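None of these values were measured; they are calculated from a predicted model.
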Amino acid sequence: MPKLTIDGIEVEVEPGTSVLQACEQLGIEIPRFCYHDRLSVPANCRMCLVEMERSPKPIASCAMPAADGMVIRTDSEVVHKARRGVMEFLLINHPLDCPICDQGGECDLQDQAVAYGFDRGRFMENKRAVKEKYMGPLIKTFMTRCIHCTRCIRFADEIAGVPELGATGRGEHMEIGTYIEKALSSELSGNLIDVCPVGALTSKPFAFSARSWELKKTQSVDVMDAVGSNIRIDSRGGEVMRVLPRLNEDVNEEWISDKTRFAYDGLKRQRLDRPYVRRDGRLQPATWQEAFEAIAARVKGLKGTEIAALAGDLCDAESMLALKDLMTALGSSNLDCRQDGAKLDPTVRASYLFNTTIAGIEQADAILIIGANPRWEAPLVNARIHKRWLKGGLKVGVIGPQADLTYRTEYLGAGPETLAELASGRLAFAEVLRGAKNPMLIVGMGALTRADGAAVLAQARALAVDFGMVREDWNGFNVLHTAAARVGGLDLGFVPGEGGRDVSGILDGASRGEIKLVWLLGADEIDTSRLGDAFVVYQGHHGDRGAHRADVILPGAAYTEKNGIYVNTEGRVQQGRMAVFPPGDAREDWKIIRAASEHVGHKLPYDSLREVRARLVEVNPVFGTIDTVERAAWGEFGTAGKLDAAPFVSPVQNFYMTDPISRSSVTMARCVDEIVNRSKAAAE
């Protein structure tokens, strides 16, 4: 391994390490604009210049590989003069926009101009101006501020996999844009705001609304999909102002999807902020006491078999546990957290986890995708597959919906008959899987929410075993969830007990009058017309589908307004934290259920969040292992049976609107109009 000397300190580094990276290993800060550790190295800003012994001029440290015997100086007068010169050149055309720029306070150019720049400018020529570019409803451009670092171009190409940005012209006439003005079609386009080191690309929804130092910053996790992206919620007063990514190498690296980043404006629209009780056919505002009394009056005299509960996709584990305990106390085993009807086996944890883990995708050399569109269902998982594909040596086969996944795939077929062909070896991709060192498959909800979902699950398990995907050191069987609450619900057993009904049985029973009371905990994705004459208690935070059918509405807290535990698709237990208080009379969901339990005569045995979480660990010890993934034991699951010939269809047909929050978002509505609808019109 090469040894070099930096500022008098000898350091040994891995082969291929750049001088800039070697400096950072010693804790020496090197300024940069174009360099980003997750992108290719263009070496075009020259801000990272350092002095190298026997070199006639300073070198770009980001592009210079560390070599044995190098002597580097980062604090000499030559280096200081070079950096001041580069900064002076960068500021020739940069406008004095800092007082009105949204990047102000968190701008790399500001920080480095203060730390490394010159104290005056010597250029008197007029500044260049560049016409603004249209990039859609999410990105606001000020291209006069652009310093041509090309980070945005490289991100779009290398991370998002959608090469829609590029540069035209040369020298002073160079401009960055989309060639043909149109909205960026990537689900990760909002990350361009983060990678831009100046204020050329900023958030259009957030524009001119707040300064970074005015905001309270809360570390939390995302619930818009099942990836569990680590996020930072910035708030002011009682309002969420923006959502930014938080670094977690094992989950989302430093990226988040556009829905995660921009759907926050849905948190303040169509909110439920007070209890309601249906009187004379109309929902009327009520007090908490009146709402609980209405529920207690209805529960009185009902058998346990006549009561049911369904949990939605955004629920925290604490609220599902409280509702499960209440239903058990009432004698009901009619529970389900799989409101889409997914045929998942809750008895074998490995049967419903992304066992390879998201970071483990980078070790795979062959991937089979069954009934999923990861680009829409889990953009960060798709980005990780794209990252692995760029390294080379990865082959991806797809059974199910055809879609542009941003990497090269081999389309094998549309439905279950292709699974049989693959199992019998009639498809060439079978040899790819057999010859792979670390093969893996991804089963999506498009394959498991069907009537034959249990049979598809059994077939997928058989494929994983036959092709050697499950070994002592590797588990290539993966289920890709779309709901943030699903794995947590399965882990704590929010599923039908002995003799209990699942979601289909509950809806059938309600339509026939056998189920007389249904408690919907944020369950908005069911067919509410099948609830018949049942008394419906809806507990949630938005006036969505479930609230329209409710007889009693209990206003709950959204994910930004409560402390809650969520388990992502790989089985990682993570904590979401309260950033703002719920609006009006809304309360945290487990507290509502705890209060309701007193009125129905079955008081739950916990009064604090600590006690609820102790009960969670009692139900399943996995809830005590925060931010770790424990390998689940392999076992038998799925039910062999006849497979339907119908093709697999992804459950996500509109990426921008999948839940009550995103459906209430004006920004997401604009994305649907400008990206989804226009692309459909262009295709037609």
Side-chain angles (χ1 to χ4, degrees), residues 221 223 226 228 307-340 342-354 479 481-498 500-503 506 519-523 539-540 556-557 559 562-576 588-594 596-597 602 604-606 608-630 632-633 635 637:
V221 293
V223 300
I307 301 171
L310 294 172
D313 294 346
L314 308 182
C315 299
D316 56 283
E318 292 90 342
S319 62
M320 288 189 285
L321 172 76
L323 186 55
K324 180 193 175 189
D325 285 350
L326 178 59
M327 290 295 120
T328 302
L330 293 171
S332 174
S333 54
N334 302 321
L335 307 168
D336 210 342
C337 63
R338 302 161 295 183
Q339 60 174 337
D340 56 7
K343 307 301 186 294
L344 296 161
D345 187 347
T347 62
V348 181
R349 195 166 192 251
S351 72
Y352 58 81
L353 292 186
F354 202 95
V479 173
H481 291 278
T482 56
R486 186 64 49 80
V487 175
L490 294 169
D491 279 346
L492 61 84
F494 201 96
V495 291
E498 187 176 348
R501 301 173 184 253
D502 61 8
V503 63
I506 290 170
W519 194 303
L520 302 179
L521 181 60
Q539 181 179 340
Y559 74 105
K562 60 185 173 184
N563 296 304
I565 285 178
Y566 302 89
V567 189
N568 77 346
T569 191
E570 59 183 354
R572 184 184 302 273
V573 179
Q574 300 186 109
Q575 290 184 350
E588 293 182 55
D589 292 292
W590 75 266
K591 292 181 179 178
I592 295 172
I593 298 166
R594 163 65 180 77
S597 69
H602 295 278
L604 295 177
Y606 29 77
S608 67
L609 185 62
R610 179 179 295 179
E611 292 175 351
V612 177
R613 289 182 173 170
R615 168 71 177 141
L616 267 176
V617 175
E618 181 186 321
V619 170
N620 192 334
V622 75
F623 288 104
T625 57
I626 302 297
D627 202 32
T628 59
V629 177
E630 296 184 355
F637 54 85

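- Between N334 and G500 the shortest heavy-atom distance is OD1-CA, 3.5 Å.
- Between the NE2 atom in H602 and the CG atom in L330 there is a gap of 5.0 Å [rounded to 0.5 Å].
- Here the CH2-CG distance, from W590 to N563, works out to 10.5 Å after rounding to the nearest 0.5 Å.
- Annotation: the span from F494 atom CZ to L310 atom CG amounts to 7.0 Å, rounded to 0.5 Å.
- Taken to the nearest 0.5 Å, the CD atom of Q539 stands 4.5 Å off from the CD1 atom of I593.
- Note that CG of L323 is 10.0 Å distant from CG of D589, once rounded to the nearest 0.5 Å.
- In this structure, R613 and Q575 have side chains that are in contact, with non-hydrogen atoms separated by less than 4.5 Å.
- Looking at R338, its side chain never comes within 3.5 Å of a backbone N or O of K343 through a donor-acceptor pair.
- For the pair M320 and L492, the tightest heavy-atom approach, listed with the atom from each and the gap, is CB-CD2, 4.1 Å.
- For the pair C315 and A485, the tightest heavy-atom approach, listed with the atom from each and the gap, is O-CB, 3.2 Å.
- With a 4.5 Å cut-off on side-chain heavy atoms, R594 and V612 do not count as touching.
- For the pair G228 and Q574, the tightest heavy-atom approach, listed with the atom from each and the gap, is O-NE2, 2.9 Å.
- A donor-acceptor contact shorter than 3.5 Å is absent between the side chain of D345 and the backbone of S351.
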**Q.** Audit row: L344, F637, side-chain contact (heavy atoms from CB on, under 4.5 Å) steps and yes/no
**A.** CA-CA 9 Å; L344 296 161; F637 54 85; over 6 Å; no

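- Atom CG of L321 sits about 5.5 Å away from atom CZ of R615, to the nearest 0.5 Å.
- The closest donor-acceptor contact from the side chain of T569 to the backbone of H481 lies under 3.5 Å.
- Side-chain contact between Y559 and L314 is absent, with no heavy-atom pair separated by less than 4.5 Å.
- Contact detail for P346 and L490: the closest heavy-atom pair is CB-CD2, 4.1 Å.
- The two residues D316 and Y566 come nearest to each other via the heavy atoms CA-CE2, 3.6 Å.
- Side chain of R486 to backbone of C337: a donor-acceptor contact under 3.5 angstrom is found.
- Although no hydrogens or angles enter the test, the distance criterion places no donor-acceptor pair under 3.5 Å between the side chain of E570 and the main chain of V629.
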